[in-house]
Amino acid sequence: MQTTGWLFDVYPLQDRMVLWFITAAGERLRVEDGFPYRVYLGGEPGRVRSLAREAGRRGWVKRHYPHRGRNLWSGEEIPVVALELASYAHLSRLRGWFGGLKDELAVFNADLDISAYYLYSRRLHPCAWYDLEAREGRLAAITLLEDPFAVEFALPPLTVMTLGLTRDPLIPLGSGNSVAVGWEDRTLELEAPDIPALIGELAHWLRRLDPDLVLSDWGDEGIIPPVWQWSQQHRAPLPLDREPQPVPRQFHGGRTYFSYGRIVYQGPAAPFYGRWHVDRRNSFYYKESGLMGLAQIARIGQMPLQQAARASPGTLITSMQLARATTDGILIPWRKGAPERFKTAAELLIIDKGGLTFMPPIGLFFDVAELDFASMYPTIMTIHNISPETVNCPCCAGDGAGAVVGEGAKSVACDQWPVISVYYQPKTANRKPQTQNPWPSPHITPEANYRLCRRREGLVPRTLRPILKLREDLKARAKEVGPEEGSEYKDRQNALKWMLVTCFGYLGYKNARFGRIEAHEAVTAYGRDKLLTAKEICEDAGFQVLHGLTDCLWIKKEGMTGGELESLCREISRATGVKLALEGVYKWLAFLPSRLDPRRPVATRYFGAFNDGKLKVRGLACRRRDTPPLVRLAQEALLEKMAQASTAQELAAMRPELEDLAESFRLRLREGQVRPQDLLITRVLSQPAADYKVDTATALAARQLERAGIHLQPGEKVRYVHREPKRGPKELRVQAAPFLETLEDYDLELYLELLERAVEEVMMMVLE
DNA sequence: TGCCAGTAAAG
DNA sequence: CTGCCTACTGGCA
């Protein structure tokens, strides 16, 4: 049978892959494809062959044969033996066996996700159209019909069913919570106490609607696990999957991990087989960029959509690097064992120089332009060829570039590095001459003088290049079609942004598959260099540089014009190789002082209004998730009002009105005209409730929940209201959500204080 | 009052 | 897919 189909779902089953397509005619088509998982083994040839034979005798390996693959680090082709697994279940046994051997074995491609490995090997992309031929349910031929990096693509029509809880997700299903099922514009509440009836109803609607997509709130943790467990207990069939064969379904518990310096909790996953289950409360990418964003990253990340929905940006970018490597014939080293040791203080010093900061002057400024480098770090990696294997590569070692490289350079540099935060005094006279040659040679990195490969383009640049291109195209397209139709393109480019940001972060992680500290260091060094170059060009053009932060500059000049700014951007883009764009011109912009030392500015707290009336607010109370909604609303209301003013006079004239606004919020608090939800403070639990040494409100709230039988993992959120403080024991100082029905009072003083700080934060910039 | 545990932001 | 730095608050000795 020949047909055109859109690749919808992919998953492994015993020794083969199952693929679901939505055909052009709207049919849901299931086909199987035999795919042997291949592990590659390198080392002493005789020993490798005998190990392969032994694995065959044990029944784990179906066949083995000599093969050649490329070593990531040297770029050279090396002989290996390919082992084809008899069943996917043998993969962990094989790994366990290899792990126990004492040999100097090089094991490759042993820890890849099976679906992703299949997609890489077959060069298939989910959510794309194919010409395919199937015989007796087996895939016979398949041809990709579109460019996975295309700006335009669409989803076929999907049948959608929604699932949700009727009450707070912390209340378990069956202990006061119920399920809400929705389709088209209808919703139905299914009462939980009568369990067989609930399962029956749910099964009925799944069968009747046969949804392609089940879009849930809290489905992964709150709905599917108990519902599935009940269906097993009561032997009541529940067709979560389209897959006719029995599938393994276990709800492995959630994970807590660190990412970008903060603790994150990822709940357990409950994927379906042959249809999509996306829990929008358990999906970073859905929250960030919706279903089109998910489809976008599944396509280019070559990862089944349900996996992509639950993946972090790091997983996605790693998947793209693995896909690139597989396609290029690069062998992927097996990362066995536990994470490595923590970084030493010296290593931290090396990595964490980070972005350059020019400190802003405190106060209110008018007619300020903001210039931002677009995707600065990923662009640097791409144009300078920075990748783990290109830094001080062996292949260019003899080229006599004349630079100090490698181990030596690292130890020299430490004390010589400049202070990263420069207390910058804006100046218009006595400018330094422009840097002539910002780096000694295009192949030698600034500061540390590492040598970059000039023979091979690195894996990271090869991976990033098409993503950067697509993101630029999507941005341009969004601008072209306007805000209405542009939102879909914006969502998609936003999804890509997170992959790009994380790619840089991953270079600095020892434990990342493609990380290397020197590469990370090289990127930030180029970044500092480029920001400095930009500053100097601005000053040469007569601009005053007020503030700079990693990849942004805030500048001003009397009587500056749009054209002048555009040509300034062009010049800097040309000089640095990274596109610098005008973010906008502010009518007014405020840089805030430190709260601890009011004479000192802080780099990351500022707010202002652009010429078009749009606000940009960073670091203020309303941007923090631990600010109660009432306080956030108050600050936002003040800012919205202020955004209407253009001049110092207009702003000053607004003062009485702003005072009234603030007073109205104070009054609401004093008179108790607030809903408990508006007083909720949300915080992330950094450790198990019992481990807290200090009785912070967070710890008290978490313990209160524990007593009610609700156990939160580190990385999960706690929400609570501060109660009247003088009412006896500590346990009563806060009241945790969801138990707010019984809330009798709140700590008026504390909330007034929080409100006052938020008001003061913005009002201090409005002159009397 | 000072120290330090705990938490969050912008890039 | 696994420990940025800096600013700030508040409990506790």
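In what follows, every chain begins at residue 1, and chains take the letters A, B, ... in the order their sequences are listed.
Residues A:Phe591 and A:Pro361 share a closest heavy-atom pair of CB-O, 3.3 Å.
Separating the CD1 atom of A:Ile517 from the C1' atom of C:dC4 is a distance of 11 Å, rounded to the nearest angstrom. In this structure, the NZ atom of A:Lys530 is 17 Å from the C1' atom of B:dG11, given to the nearest Å. Rounded to an integer number of Å, the gap from A:Leu356 CG to C:dT6 P is 13 Å. At whole-Å resolution of the value, CD in A:Gln266 and C1' in C:dT2 are 14 Å apart. We find that CZ of A:Arg528 is positioned 13 Å from C1' of C:dC4, with the value rounded to whole Å. When the C1' atom of C:dC1 is taken as reference, atom CG of A:Asp111 falls 10 Å away, rounded to whole Å. What separates OH of A:Tyr606 from P of C:dA7 is a distance of 16 Å, to the nearest Å. Protein atom NZ of A:Lys616 is 10 Å distant from nucleotide atom P of B:dA10, rounded to whole Å.
A distance of 13.5 Å separates CG in A:Asp113 from OH in A:Tyr118, rounded to the nearest 0.5 Å.
The side-chain heavy atoms of A:Leu294 and A:Ser289, taken from C-beta on, include no pair separated by under 4.5 Å. A heavy-atom distance below 4.5 Å is found between the side chains of A:Glu761 and A:Leu592.
At C:dC4, none of the side-chain N or O atoms of A:Tyr377 fall inside 4.0 Å of OP1 or OP2 (strictly under the cut-off). The phosphate of B:dA10 (OP1 or OP2) has a side-chain N or O of A:Arg623 nearer than 4.0 angstrom. For the pair A:Thr698 and B:dT7, the criterion of a side-chain N or O lying under 4.0 Å from OP1 or OP2 is met. An OP1 or OP2 oxygen of C:dT2 is reached within less than 4.0 angstrom by no side-chain nitrogen or oxygen of A:Arg255.
For the residue pair A:Ser312 and A:Thr315, a side-chain donor N or O sits within less than 3.5 Å of a side-chain acceptor on the partner.
Between A:His547 and A:Trp554, the ring-plane angle classifies as parallel under the 30° and 60° cut-offs. A:Phe610 and A:Tyr586 have parallel rings, their planes meeting at less than 30° on a 0 to 90° scale where 60° marks the start of perpendicular.
Counting any heavy atom pair closer than 4.0 Å across all strands shown, A:Gly314 reaches no nucleic acid atom.
Annotation: B:dA8 and C:dC1 have their C1' atoms spaced 24 Å apart (nearest Å).
When distances are taken from the side chain of A:Tyr692 to each of B:dG6, B:dA10, C:dT2, the shortest belongs to B:dG6.
The backbone N or O of A:Cys622 lies less than 3.5 Å from a partner atom in the side chain of A:Gln635, making a donor-acceptor pair.
The side chain to side chain contact (heavy atoms under 4.5 Å, CB included) test with A:Gln321 is passed by exactly one of A:Thr326, A:Val460, A:Ile332, A:Leu316: A:Val460.
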Under the ring-ring contact (aromatic ring centres under 6.0 Å, His included) criterion, do A:Phe504 and A:Tyr377 qualify, and how do the steps go? CA-CA 7 Å; A:Phe504 158 69; A:Tyr377 286 164; 4.2 Å; yes
DNA chain B in dot-bracket form (Watson-Crick or G-U pairs under 3.5 Å, [ ] crossing, | inter-strand) is ||||||||...
Going 5' to 3' through nucleotides 8-13 of chain C, assign each nucleotide B (protein heavy atom under 4.0 Å from a base atom), S (under 4.0 Å only from sugar-phosphate atoms) or - (no protein heavy atom that close). SSSSS-
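Pair check for C:dG3 finds none; no Watson-Crick or G-U wobble contact set falls under 3.5 Å.
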